[in-house]
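One structure is given below, encoded as structure tokens.
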Number of protein chains: 2
Amino acid sequence: MNTLMNHVETLKPVFHPVRIAILEELAKGVKCVSELEEFLAISQSNVSQHLSALRLAGIIDYFIDGRLRCYFLKNPMIPDLLEILKKEYPEELPGPECCPVTKKGTYHGDRKK
Amino acid sequence: MNTLMNHVETLKPVFHPVRIAILEELAKGVKCVSELEEFLAISQSNVSQHLSALRLAGIIDYFIDGRLRCYFLKNPMIPDLLEILKKEYPEELPGPECCPVTKKGTYHGDRKK
DNA sequence: CAAGAATATTCGAATATTCTAAAATGCGAA
DNA sequence: TTCGCATTTTAGAATATTCGAATATTCTTG
């Protein structure tokens, strides 16, 4: 049940610009390889390699339709992840209470002085 | 304002077990390096290297308190990301309408037959 | 100032990732 | 069958990441 670190392993290969672009497309619906190739501006073999990596991680899957390979999203974290990536965030989180940022004091931990 | 790919670049270095563990700790509050070192079971220099990488990416920052470096979360995506990583998800997203999974038909795209 | 604590930096080896080019596979049509 | 399309696989070079070991830095206290 160490689900957190499993999720980390799973998502690690998705943090690549091309792979994110692929996932964004697939979030809109099923796409076959040559459609993705058109959309992305990279070689077909490279597209295939990225798809393969994503599939190995269980992020996507495909079904075969004639000579087409139709890829679709499989991992349920992906839509949530894409949402975060597209969201607007403030520059920074508010600083901690006890720090120069807020001028409110010094560290409260238990290290030696 | 292609904020999406910037976010991808930013988050790329966080997908490492040790770094996630660090971020989980920092999500609870400010921590200094030796506290993190205790918690994680790795060398001080390695902790420091991970902290440095996270800081370079703008994920965390620190303030100095005597000889302690007190690290804290800075990037506002992190809490949302940790939430996803800790969430329970169903095994798979529902398959697409037009595929063997749902037995509902074949690909609707416009590739050659 | 010297010593020690807390932390950072540098270097190098091991490993992993990514891309290009080339060759291989599988399917459908003629 | 044979051909051509859609896609994958393989191989290898270029690059990036990660980690341990050694060393350096910075601050505090005596």
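Just so it is clear: chains get the letters A, B, ... in the order the sequence lines come, proteins before strands, and each one is counted from 1.
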For the helix from C/dC1-D/dG30 to C/dA30-D/dT1, what angle separates the axis at the start from the axis at the finish, each from five pairs, in steps of 10°? 10°
Kindly state which residues belonging to residues 18-27 of chain A come within less than 4.0 angstrom of DNA chain D, counting heavy atoms of the residue only, listed by number. none
Counting any heavy atom closer than 4.0 Å, what does A/Tyr71 reach on the DNA or RNA strands: base, sugar-phosphate only, or nothing? sugar-phosphate
Taking only residues two or more places apart in sequence, or in another chain, which ones meet B/Gln49 in a side-chain hydrogen bond (donor to acceptor under 3.5 Å, both in side chains)? none
Any residue in residues 42-56 of chain B with a heavy atom nearer than 4.0 angstrom to DNA chain D? Just list them by number, or reply none. B/Ser43, B/Ser45, B/Asn46, B/Gln49, B/His50
What is the distance, rounded to the nearest whole Å, between atom NZ of B/Lys31 and atom P of C/dA6? 17 Å
Take atom CZ of B/Arg67 and atom P of C/dA6, then tell me their distance rounded to the nearest Å. 6 Å
What distance do B/Ile64 atom CD1 and B/Tyr62 atom OH have between them, rounded to the nearest 0.5 Å? 5.0 Å
Residues two or more places apart in sequence or in another chain: which of them pass side-chain hydrogen bond (donor to acceptor under 3.5 Å, both in side chains) with B/Glu9? none
Could you give the distance from CD (A/Glu35) to CG (A/Leu68), rounded to the nearest 0.5 Å? 8.0 Å
With sequence neighbours excluded, tell me which residues meet salt bridge (Lys or Arg N to Asp or Glu O under 4.0 Å) with A/Glu83. none
Distance check: side-chain N/O of A/Arg69 vs OP1/OP2 of D/dT8, anything under 4.0 Å? yes
Considering non-hydrogen atoms only, spot the tightest contact between B/Thr10 and B/Ala57 and give its length. CG2-O, 3.5 Å
Tell me every residue that passes salt bridge (Lys or Arg N to Asp or Glu O under 4.0 Å) with A/Lys86, counting only those two or more places apart in sequence or in another chain. A/Glu24
Can you give the donor-acceptor pairs under 3.5 Å from side chains of residues 71-82 of chain B to other protein atoms, not counting sequence neighbours?
| from | atom 1 | to | atom 2 | distance (Å) |
| --- | --- | --- | --- | --- |
| B/Asn75 | OD1 | B/Met77 | N | 2.7 |
| B/Asp80 | OD2 | A/Lys87 | NZ | 2.9 |
| B/Asp80 | OD2 | A/Tyr89 | OH | 2.6 |

To the nearest Å, how far apart are A/Ile64 CD1 and C/dG26 P? 10 Å
What is the separation between atom CD on A/Glu37 and atom C1' on D/dT7, rounded to the nearest whole Å? 10 Å
What is the distance, rounded to the nearest whole Å, between atom OH of A/Tyr62 and atom C1' of C/dG26? 11 Å
What's the CG-C1' distance between B/Leu40 and D/dG20, to the nearest Å? 16 Å
Applying side-chain contact (heavy atoms from CB on, under 4.5 Å) to B/His50 and not counting sequence neighbours gives B/His16, B/Val18, B/Arg19, B/Ile22, B/Ile42, B/Asn46
What pairs of residues pass the salt bridge (charged side-chain N to carboxylate O under 4.0 Å, His left out) test when at least one of them lies in residues 39-58 of chain A, not counting sequence neighbours? A/Arg55-A/Asp61
Sequence neighbours excluded, which residues qualify as salt bridge (Lys or Arg N to Asp or Glu O under 4.0 Å) partners of A/Glu37? none
Protein-nucleotide distance (A/Leu68, atom CG; D/dG4, atom P), rounded to Å: 19 Å
Whole Å only: how far is the CG atom of B/Asp65 from the P atom of D/dT26? 18 Å
